[in-house]
Amino acid sequence: MEDIRVRIAPSPSGNLHIGTARTALFNYLFAKKNNGKFVLRIEDTDLERSNAAYTQNIYDSLKALGLNWDEGPDVGGNYGPYQQSQRFDIYPKYAKKLVEMGYAYECFCTPEELEAEKEESIKNKKPHMYSGKCKNLTEAEKAKLRAEGRVPSIRFKVPQGETKYDDMVKGELKFDNSLIGDFVIMKSNGTPTYNFAVVIDDMEMKISHIIRGEDHISNTAKQIMIYNALGAEVPKFGHLGMILAPDRSKLSKRHGATAVSEFVEKGYLTEALLNFVALLGWSPSDGVEIKTLEQIASDFRIHEISSSNSVFEYDKLNWMNGQYIKKMDIKELTEKAKPFLTKYNLNELTEEQLEKVIAATREPITILSDLTYDTAYFFGKDIEYEDGVKEKNIDTEQAQNILKYFYEQLDSYDFNNEEKLHEQLAEFRTYFKEQFSIKPKETMWTVRAALTGRTHGADMGVILDVLGKEKVKYRIENAIV
Ligand code: GLU
């Protein structure tokens, strides 16, 4: 069997997009499934738009998702360099070869001339294609143009006929070559275009399968022509449907986060993100959607990928993230929660107390940033009342009686024993129920309001335990008028 080699080839002109993360995942899964290699190539030929910070973001995001690569710019491999800007000396050799073999030619048209051609097509309501003006220039004509100071680009000569291939996801696809104009493979500044660099790199890196978004389908025809001209083996292609926003338009910033790091900054867990993007095009055979990367890998078949577009449902991602938050190991979750608690002085609590706080507040949340608000009353001395809470639960005569009695009781509370605290609180509310027919939940709302400023939140036993006697007394005292 041939060696399976796949790649993800992001351009560092932005932070790693969630759609690229899905493409990376499907390539990774395909490699895992077939004992193949997963390669990372940084496509930074567009030096103006590329940026080292984005390259770093791509590394960090892929790593955070657990999509580790076997070969890449940082880890090396037998087919490097894996960063296109370090491969600039490779492309002209192949371009020259194509010119020599008659598969490509020098084009001396200026940007202005090309623009004029384009405008002419628009005027005549014809699809624009390069006219082929420079295709048959004689040596003398070329010399003359050169003498004018023109520096040529190199264009690929699109052959007649059609280009056909069997897409792993979409089935057989056919392109009429007469609709594709001769395209530039090397710009006049000596840098390769995407379609050329990608073929040379995939060929040299012995990539066997190319799995990418369907926005590249029209490029694929051009790329196959280049493989054929070079006499190279054409890899197998698989094009994934697009990821659309809930309103069925292209997913963009307008809809919310789009980069993996942006999601992480908002409080999404990379495990949940990965699981979620896997479901954009792939369905588990047992219908169970929550799955680890290993479980997904064992169930993954590229031919079962849906060829249609998928909708990025933020609500579903929120739900899934909540599921992961509920289940995550508490130490790990606490670590991940810390960046969302930077406005508090974490030194007020021991690590163990902080874990208790997170364990007691994680249940209803969907994203980690919810913890900023939900844990607020565990920090600092004073609390802030939510709207209406004080009026309803503190300022009444009944509430004041409850708080006074609670305050008196506090010295007998066992603050170092959470279980005991639960019992004591239960006795306390039973007392008010039996003596004054006050509903236990009302009693607790009052105590909770005095300690947290809210009527909902973490378990009261945990609140007393973590705040400790001194702070509890202080806050109750403050609530008593
Ligand atoms: N650099 C290209 C992109 O980010 C890679 C496309 C491909 O996979 O060929 O879209």
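Because the structure is a prediction, the values reported are computed rather than measured. Counting convention: from 1, in listed order, for ligands and their atoms alike.
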What about Phe26 and His209, are their ring centers closer than 6.0 Å?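 Not under 6.0 Å, so no.
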Verify the ring-centre separation between Phe300 and Phe30: is it less than 6.0 angstrom? no
- Message: Could you check whether any side-chain heavy atom of Arg454 comes within less than 4.5 Å of a side-chain heavy atom of Tyr377, counting everything from C-beta outward?
- Response: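 With C-beta onward as the side chain, the pair touches.
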>> For ligand 1, which is the ligand I care about here, please tell me if Pro10 has any N or O atom under 3.5 Å from one of the ligand's N or O atoms.
In response: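 Among all N and O atoms of Pro10, none is under 3.5 Å from an N or O of ligand 1.
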Ignoring hydrogens and angles, tell me if any N or O in the side chain of [X] forms a donor-acceptor pair with the backbone of [Y] under 3.5 Å.
| X | Y | result |
| --- | --- | --- |
| Asp182 | Arg155 | no |
| Arg41 | Tyr82 | no |
| Asp167 | His239 | yes |

Under 4.0 Å from a heavy atom of Val198: which atoms of ligand 1 are those, numbered in the order shown and with their elements?
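With Val198 as reference, the close atoms of ligand 1 come out as 9 (O).
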In the protein, what heavy atom is nearest to [atom], and what distance, to one decimal place, separates them?
| atom | result |
| --- | --- |
| atom 9 (O) of ligand 1 | Tyr194 OH, 2.6 Å |
| atom 8 (O) of ligand 1 | Arg7 NH1, 2.5 Å |
| atom 5 (C) of ligand 1 | Ala9 O, 3.2 Å |
| atom 1 (N) of ligand 1 | Glu43 OE1, 2.6 Å |

Ignoring hydrogens, just give me the one of Gln223, His216, Arg212 whose non-hydrogen atom is nearest atom 6 (C) of ligand 1.
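It is His216 that holds the nearest heavy atom.
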